[in-house]
Structure formats: structure tokens, C-alpha cells
Amino acid sequence: MDSAGRPSWPPGAVPVEIFMMIAQYLPDRKDHESMRLVNREFNIKTLCFFIRQLVIHLSPDFSVKENSGLTLQSDSTYVDTTEELLSSRVFRSFGADIRRLGLAFELQESDLATPSSGDLEEIRLPSWGIYRQLTSLNSDPNSDIAKLTMSSEKLQDIFRLLTSVSEVQELALSCDGCLGYLQGPDVNPLQPPGRPTIFGDPNKVRETDARALRVRFDKPFKIEMLERKLAAEGVHPSEFQRYIDLLCELEHVTLDKLAYEERLRAPLPLCDPPHEGGIRRPDKEDKAVRLQPDQLTDTQKRFLYQYIPAQEAFVSSFLLATIDNGPSFTHLTKVNIARLPGSYVDILCRLDFWSGLPALQDVALGVIPDWRKLTQEDIYNVTDQQVFPTDALPKVFTLLNDHIGELGRIKRLHFEWHCGGEFAPGCMQRNTYILPAPFLKDHRKVINSSEENLLILPFVEHLSLKNCWFAPNVFYRAMDTMAREWSLESLELESVSLSGPPIHRSRMVDSEKSLQLDLSPEDQAELSNQARRAETRMLETLTNGTHWVPPQNPRQQTRRRDDDDDDEEEDGDDHEEDGSHMLKCPPFLSWCHIIDMLTPGMTIKERAYEHDADPYDPPLRISKDLGLRKLVFKSCGYVEVPDFRFISNRRFENVLLPPIFARTTANYQPVRDAVRELLQNSTDRHLATICRRMDHWEKAMMLQVWGFRFEWAGIYPRPVIDAAQRDGIFRPGYSRFSGTIEGDPTTYLEEQAVLARSAGRILVDEPPIAYVYDTALFDRDYVDVNEGLVLVMHSIARRMGYQHAWERNTVPIEVLRHRMRNPLPQNQVPQNQVSQDQDQLPQDQLPQDQVPQDQLPQDQVPQDQDQLP
């Protein structure tokens, strides 16, 4: 009781251990914050628990904010960052209690939209009026950016900071320099641009007031900067307009001319073969949008360029300080590189860093692939150039193969790309721009599954991958090798996809042959006849201007006729889970085929044998000799890859989406059109797109044999689903499967034998059958840079909106694919074939691929909403 007789908290009566026990059962960090707010005793006795997880952010305004809730704000003179940290109460009183420490230096898109530096104009106010003066880009040693760079380079101070947290168990680093994909005006209020999480759920989304998402501005940036400079000179705000009008009068320009900022699109990447001369993307002007990712202003380019040395110094200092302090980190078991630009991955390629942490067992790596490169031309100008996002793959491969993978004590590894995919916010980025997994030494040879070209991690027992794709033979060969010959026991895949089956030109005339391997002789003959008839029809329809429909698997034709009679399809409901599909061996290099060969439990092949066998036939005994005990899948499926020379997408062409998908895509198309021309795009031939189609039989087998689930309901929280739907994704996770398979491969055969005996079946004393796939056909090098690559690059550039001077001579996509699948001998290729093929097609008879999206009839909008023109 207090002095007034009211119930109150008994001060000092509850020991601190009780507070710690209560805090351990609180589910969320916000609950810990609420607990601290009860009274002063709660705050003091729970702070040591609350401070166990601490993230220090260095923001562009050079203030340091700690996620513990304690904020250190610097004044305009700016004191050394590390000195401020070391003198704070957090490190003096609770440094030994910190268990998870994160250091972050992230540039936000809002900072880039309204840059605080990079402007080369100074304002002078002489007695006779006002004028502007040009300055150089050379750094001022007294500027904030220079001071932060010097502070980051002070290795001794960073060393002192890490020394004070020697009990830390997880050390994290996050760095983002806005060199990757930028959302710009393509914002999602449920998943807005902002500071990402370092510890905790990376898919967590939050709702934000749309008015707080500043995309459009009424006042031009140059006028706003001019007012700031006038305020710095002591001019009262009421006098701003008078001085601006006077400046326009003295320089003989209008206000619009004074506020104008030139925007130029970055040139296409340098590549082999080079892009055709004269190719360009039409300019788009929207003065109200300050951040236009594909058209940065000169000030924004200079602002970005100034932060590159500061961030490099920050990452290097973190690395060197950890090396020097490594032996004292006896409790450090995990290094979490949460976000790191691809251009800085080379900094981490130091074996003394990874080997200098004696207790390290777990590594997490998230990489932001670069989309642009900045170059300082002179003291005034900075230029940018596009780069292929997949150029980051060789750097990551080197880091994983030569450094992390060489250490026997690292047993757990997680990797993910922070670019595109199912969780990327924005209607133009979501479900697109997915990079291959960094498991290839030559990253352009995406179907070369030879062991010399693969990343093999011999000591990793638990491998976790997110937001990437594999060619199916590469995925199978890598995982089978690590599980059969090395240590892999657990594989966790989230939003990991397979492409269509590979094509090898030296042995396979067409990818459809690969599908014939799974059919009966009657179906093979029918499919061959269809292929021959379809090839003839394709050439005829190209001349007549009609749209070519590729051949179909006979079983798919039957299903398609049945599906047309099903009224439920109109509502977007599947019927692949009714259990009526006949069990059969999985299609070659499909998800079912690969999981069947890797799973530690029951296989489709065994179930199909049981389905067709007599009750007293001996059971089918399969041997795999794999160490895999657990497979976890979350939202996995297929992708479509633009490089149709070596990867076939035919497996998905005959699977129809419900009509409601096309209607939803058409309804959301104006939103995409409003921002498309302002955003970045890439002609990278290995950036994949989520394929929302999967064979009904494959879905049914996954459900019947392994109990997998489809779509996101019950897999991800409702806010994650709502954020995807806000970006125009109807039924997020459609044709994406989730589930877990666990088992002990060493006892599986014995368990099956016991079940067979209990059923009264006769066991035959024969060795088990090996269930493997021979990838020898694709375990070889091949030439990637060839004549076909020019056609592929041109096809991608057209789809991205780039135009040539010889636009009228564009080759239809069907002709390109037909040439790749049926190449002529070198001495028979006509020199003028490109123009001749196009001249056969009048402009009004182009295939649907080439008709501009806004000219398509409503009922011809592509059904897959992720196939954007």
C-alpha cells in the first residue's frame, strides 16, 4: 500500500531473477518494451534482458540509434560515432549482457529521393542581389560524410567496441548502399520501403499510412534545396520567394527552368556479345516523382557515389576488428551477414576472418545484387551504367567455396538473395527478377552439372536456401553429392524454384524428347506425330499471322477436356487434389522426380509399384545411400527462364490457369503501367519469373504421397498474404507447395521389410534397386556465347521496352525459338534471313508476344499475371 492506502508495487520485494524468468516467456520484443514501462523498478531489472539483442544503426543523418530504445543524437558538429557508443550507458553497464549484436549502415530510398549532399551549387548573397556558384565533387574534410568515413576507419575504436561485448553469441552486419533494385514509386503500404529486420522474421510486414509514403512531391527538389541554402544564409522564410524570383530575373530563366533536373537512363550493361547499337528505352517524365530508379538525377548519382567509400570503410573496419578480436569471442557461434551489396562480397573473402572465430558453427549470408555501377568522370560528374544482377554470382561462389566451405566446424549455412521473388514488395518486382543459386562456378553455364562447375559444401550438415532457382539437374547433382558423399543431413528450402528441363544441343534435338522418356510407347508415338504436325503448323501460321499452339502431352489433352467441363474452374478452384489421379513414375527432372530420389521416406515410385502389383508380389526395395534425414519446403515451385536455348519451358505451356487469373491481371494492369517506365529493368537472361502453373498430376502426387500443401494460407501470416495481394497477386502461392519430410534413411529398408512381412508378402532375397538419375548428359561444358545469344538478348530487350532503329525488322519469338531448336548448318544460314522472316509478317499479324500490351483485346491478356510485357 502507498501512503494513501491504495494498492501499489512493493519496491525491492521481487528479485531480479523473477523478472528474468518472466521476460523469457514473453513472445515478442514489443512485450519486453511494454514490461519496461510498468515502473522504474521494472525498467531497471528487465533492461539487462532487453539489451541481450542490440542493433546499432548508422543512418545518413549520422545519428546512432540503438534498438534497445536508447538514442544518441549528434549535433551539427558531429562527435566521433564510436566514442559516443563507448561512453553510453549501454556498453558501460550492460556490455557483458549482450548476446546478439548487430551493426547496420543502410541508405534508405527516402534519403536518396531527397539527398542531403551531392548538390554542387552554392548560394551567395552579395549586397546587390543573389547568384549561384559551382563547386567540385571533392570531399570536404569537414563534411559529415568525411567525418563518418574517418570514424569508420578508426580500427582501434571499433576494436574497443567489440571487446566490450566479448560474451556475444551472434554477430550481425547489415549494409545497403541503394545500388540494387529500387522500388521508387512502386510502393506497397503493407510492405513499405524502410529499415529491414536483422534479427527475427525477415518476412514480417507492417501497415503504414499511405500518406506517409512520400512518392510524389508538390515542390521541386531544386527549389527545396534552394530554400535550405537561403535559410543557412540567415534568410527568413517569408523572404524565400522574393530571392527565388530575383534569381530567376538575374539569370533570365523561368521558375520551371530553374527547377529542372536532367534525368538520363543508364546505358545497358557491357556484355559479350555487346548489345546492338542504337538500342534505347524511351524516356518518361514525371516531375512530381523525385525517385525514379531508372532515371536518377545528377545530384542523386553524386549522393550515392559519396557513400560508397564510407560503406566500404564500415565493412572493412568490422572485418578487421573481428579478426583482431577473434580469439576472445569464445562464445560466438553465429555470424549473420544479413544484407550486403554484391560489390562488397570480395571484402569478406578472407580466410583469417572465418578461421579466426574458434566457436563459429553457423553462417547466414544475404546478398543484394548490384543493378548499377557508378563512375566519377571528373570533379563534377558521376555517371552510372547498368550491370547484370547475376554478375554477383561468381563473388558469392568464391566466398562459399574457398572460404566458408573450407572450414570443417561450420555445420549450418543459410543463403538468400535480396532481389525480386515472392516476398519482394512492389507490383513490378514481386514474383520476378529471381537469381540462380550461387552453386555454379561458371554462372552462365546454368545447366552444366559437372562436379567441377558445382559448389559442394563437404562439411555443412544443415543447408538453408531462400529466393533462388536451379536447373533441375544442377540441383539434384549438388544435393545428391553432398548427401551421398559428404555430410548433408537437413535441407530447408523457402521460395526455391526449379526451371524447366535442360536442353543439350549436341544430343537432344528438342526438349520434348525429355518428356517422352516418361510416356508409354503409344503416348510416345502420338506425341512424336503431334510434334511433327505442330512444326508444320507453326511454319504455316507464321506466314498466315495466327498464333501457334504447341503440342500437348496426350494425358494433358485428356485432362484439359475434362477440366473444360468443370464449372469450378471459373471460380479459380483446383480439382487436382481429389485423389483420382493415377499413380505413375514422376516426369523426368520434375520436383516430384527429384524429391522422390532424395526423400528419406516413402517414394512415388514405390507407391506406383504397390498400386499396380498383385497383393502377394514382393515389395519394391529401393536403396539410396543418402544421409538426408529432413527436407523442408516452403512455397517452392517452378520458374520460367528467358534463355530458351538451354532451358525448356514447354512443360508449363499446356497447363491452363483459371480464367479469373487473366481477369485479375487485366484489372491491375493500369497500376503497373503507371510506374513501369520509371522503374529499373534488366536484360539479364538468367533472371527468372515465378511460374504459377504446375501439372495437376504432380500436385496430386505431392498431396497423396507426402501430404504437401499448396498456396500460402496456413503457411504464412495473414499480413504477408495481404501484402502480396496488394501487389496484384491473386491467390499468393498458387502452384507453390509446402511441407516437411522426415525419416531415417539407415532404417527405412528394415521398416519396409517389417511392414511387408506383417502384410503376409513374400520377401525376395535380392539387393535393393538403386534410385538415382544419371546427369552425365549435362555434366559437360558447352558454348554459351553463340549466335543464338544475340537472338535471346534481343528478345529480352524488346520485352523490357527497348527499341532499335530497325524496329520494323524484329524477329517473331516463335521464329527465334524454332531456329534454336532446329538450327541450320552454318553454310545454309541466309545472310538476310532476319529481315526476310519479319517481312513475311505484316504489323497487324504479329504474334501475341509482340503486340503492345495496351493494344491487346481484353480476353487476350496473358493469363499468368507475372509474365509482364
Side-chain angles (χ1 to χ4, degrees), residues 180-188 191 193 203 269 281 293-294 368-372 386-390 392-393 416-437 446 466-470 494-500 635-644 647 649 652 657 661 664-665 668-669 671-693 723-736 792-793 795-802 849 853 861-869:
Y181 183 89
L182 301 176
Q183 288 183 247
D186 185 17
V187 295
N188 184 334
Q191 200 172 349
N203 299 327
R281 188 181 179 198
D294 199 44
I368 307 171
D370 294 336
W371 279 61
R372 59 165 44 92
Q386 292 186 38
V387 295
F388 290 128
T390 54
L393 267 75
E416 65 179 294
W417 292 114
H418 292 290
C419 174
E422 294 182 279
F423 306 106
C427 63
M428 295 300 295
Q429 183 187 193
R430 195 181 292 270
N431 281 5
T432 61
Y433 303 136
I434 305 168
L435 279 74
V446 292
K466 181 178 179 180
N467 192 30
C468 56
W469 68 269
F470 290 84
E494 182 174 11
S495 193
V496 174
S497 305
L498 296 181
S499 69
S635 192
C636 295
Y638 291 103
V639 292
E640 293 184 275
V641 183
D643 193 351
F644 51 79
I647 294 177
N649 292 325
F652 319 122
L657 287 172
F661 279 70
T664 305
T665 301
Y668 209 81
Q669 196 61 38
V671 179
R672 292 187 171 93
D673 293 338
V675 298
R676 183 193 312 276
E677 298 300 326
L678 304 179
L679 302 180
Q680 297 160 283
N681 58 27
S682 177
T683 57
D684 196 324
R685 60 188 179 275
H686 291 143
L687 288 183
T689 301
I690 292 291
C691 178
R692 310 195 73 200
R693 298 184 294 272
Q725 291 176 338
R726 187 65 179 259
D727 286 329
I729 306 299
F730 178 69
R731 293 175 66 175
Y734 186 82
S735 294
R736 312 286 290 181
V792 171
M793 299 296 287
S795 171
I796 299 173
R798 275 189 53 81
R799 193 163 60 250
M800 293 293 113
Y802 289 91
D849 303 52
Q853 186 72 23
V861 177
Q863 289 184 334
D864 190 349
Q865 66 175 10
D866 303 316
Q867 290 184 347
L868 300 176

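In this structure the side chain of Asp643 never reaches within 4.5 angstrom of the side chain of Val446, judged on heavy atoms. At a threshold of 4.5 Å between non-hydrogen side-chain atoms, the residues Tyr638 and Ser497 do not count as touching. Residues Val387 and Pro369 form no side-chain contact, since every pair of their non-hydrogen atoms from C-beta on lies 4.5 Å or further apart. Looking at Glu494 and Phe423, their side chains come closer than 4.5 Å, going by heavy atoms from C-beta outward. Considering only heavy atoms from C-beta on, His686 stays 4.5 Å or farther from Pro389 through its side chain.
The aromatic rings of Phe661 and Tyr734 lie tilted to each other, with the angle between the two planes from 30° to 60°. The aromatic rings of Trp371 and Tyr433 lie perpendicular to each other, with more than 60° between the two planes, well past the 30° mark.
Leu435 approaches Cys419 most closely through the heavy-atom pair CD1-SG, 3.9 Å. Of all non-hydrogen atoms in Glu422 and Asn431, the two that sit nearest each other are CA-OD1, 3.5 Å. Looking at every heavy atom in both residues, Pro425 comes nearest to Gln183 through CG-OE1, 3.3 Å. In terms of heavy-atom proximity, Val641 sits nearest to Arg685 at CG1-O, 3.7 Å. Of all heavy-atom pairs between Val496 and Asn467, the closest is CG2-N, 4.4 Å. Among all heavy-atom pairs drawn from Met800 and Asn681, the shortest one is O-ND2, 2.8 Å.
For Trp417, the ring pair (Phe, Tyr, Trp, His ring centres under 6.0 Å) partners are Phe415, not counting sequence neighbours. With sequence neighbours excluded, no residue satisfies side chain to side chain donor-acceptor pair (under 3.5 Å) with Glu677. Asp370 pairs by the side chain to side chain donor-acceptor pair (under 3.5 Å) definition with Ser343, not counting sequence neighbours.
The line from OG of Ser499 to CD of Glu640 is 10.5 Å long, rounded to the nearest 0.5 Å. Taking CH2 from Trp469 and SG from Cys691, the interatomic distance works out to 13.5 Å, rounded to the nearest 0.5 Å. In this structure, SG on Cys468 lies 9.5 Å from CG on Leu393, to the nearest 0.5 angstrom. Expressed to the nearest 0.5 Å, how far CG of Leu678 lies from CG of Asp186 amounts to 10.0 Å. Atom CZ of residue Arg430 and atom CG of residue Asp727 lie 4.5 Å apart, to the nearest 0.5 angstrom. Note that the SG atom of Cys427 and the CD1 atom of Ile729 stand 9.0 Å from one another [nearest 0.5 Å].
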Practice task
Run the numbers on Thr432 and Leu687 for side-chain contact (heavy atoms from CB on, under 4.5 Å), then give the verdict.
Solution key: CA-CA 8 Å; Thr432 61; Leu687 288 183; over 6 Å; no
Exercise for the section: Check step by step if side-chain contact (heavy atoms from CB on, under 4.5 Å) holds for Thr683 and Gln386. Expected result: CA-CA 10 Å; Thr683 57; Gln386 292 186 38; 5.5 Å; no
Handout entry: Derivation and outcome, side-chain contact (heavy atoms from CB on, under 4.5 Å), residues Val792 and Phe644
Key = CA-CA 7 Å; Val792 171; Phe644 51 79; 4.0 Å; yes
Practice task
Using the side-chain contact (heavy atoms from CB on, under 4.5 Å) rule, take Phe730 and Thr665 through it: C-alpha gap first, then chi angles, then the decisive distance, then the call.
Solution key: CA-CA 8 Å; Phe730 178 69; Thr665 301; over 6 Å; no
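Just one residue in the list Arg372, Gln680, Arg281 forms a side chain to side chain donor-acceptor pair (under 3.5 Å) with Asp294, and that residue is Arg281.
Using a distance-only test at 3.5 Å, with no hydrogens or angles considered, a donor-acceptor pair links the side chain of Tyr668 to the main chain of Arg726. Listed for the Asn188 side chain is no donor-acceptor partner under 3.5 Å among the backbone atoms of Gly426.
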